[in-house]
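Following: one structure in structure tokens, then a few remarks.
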Amino acid sequence: MNKNTVLAWATWIMILVGIGLIALGAFKYEEVAGYGFASVGIGFFAIAWVFNALKGRV
């Protein structure tokens, strides 16, 4: 695997974890903790976006 493949896998894993965290925040924790889970999930999306932007440049 080269660097671009590793970044692609990392991007997909971060997206899946982000979706899972947002789902936890939306469906399992309906009090204040749900907002924390959802915001961390959005943060995972932001990091995945950075990983995707780095493909081909590293």
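Quick caveat: nothing in here was measured; it's all calculated off a predicted structure.
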Quiz item: Hey, any chance L24 and V17 share a hydrophobic cluster, counting ILVMFWY side chains that come within less than 4.5 Å of each other, even indirectly?
Solution: yes

Self-check item: Separation of R57 CZ from N4 CG (nearest 0.5 Å)
Solution: 11.0 Å

Quiz item: Can you hop from L54 to W12 via hydrophobic side chains spaced under 4.5 Å?
Solution: no

Quiz item: Looking only at atom types and distance, does a side-chain atom of S39 sit under 3.5 Å from a main-chain N or O of Y35, one as donor and one as acceptor?
Solution: yes

Exercise. First locate atom CD1 of I19, then atom CE of M14, and finally report the distance between them rounded to the nearest 0.5 Å.
Key: 12.5 Å

Quiz item: Could you give the distance from CZ (F51) to CD1 (I13), rounded to the nearest 0.5 Å?
Solution: 10.0 Å

Self-check item: Same apolar cluster (I L V M F W Y, side chains within < 4.5 Å links), I42/W49
Solution: no

Quiz prompt | Distance in Å, K55 NZ paired with T5 OG1, rounded so as to fall on 0.5 Å steps | solution = 9.0 Å

Quiz item: If two hydrophobic side chains count as joined below 4.5 Å and joins carry through other members, does V50 share a cluster with L21?
Solution: yes

Exercise. Please examine the side chains of M1 and W9, heavy atoms only from C-beta on, and report whether any two atoms are closer than 4.5 Å.
Key: yes

Self-check item: From OG1 (T11) to CD1 (I47), nearest 0.5 Å
Solution: 11.0 Å

Exercise. Report yes if some heavy atom in the side chain of L7 is under 4.5 Å from a heavy atom in the side chain of N52; otherwise report no.
Key: no

Exercise. Taking the side chain as every heavy atom from C-beta outward, state whether F37 and I22 have any pair of such atoms under 4.5 Å apart.
Key: no

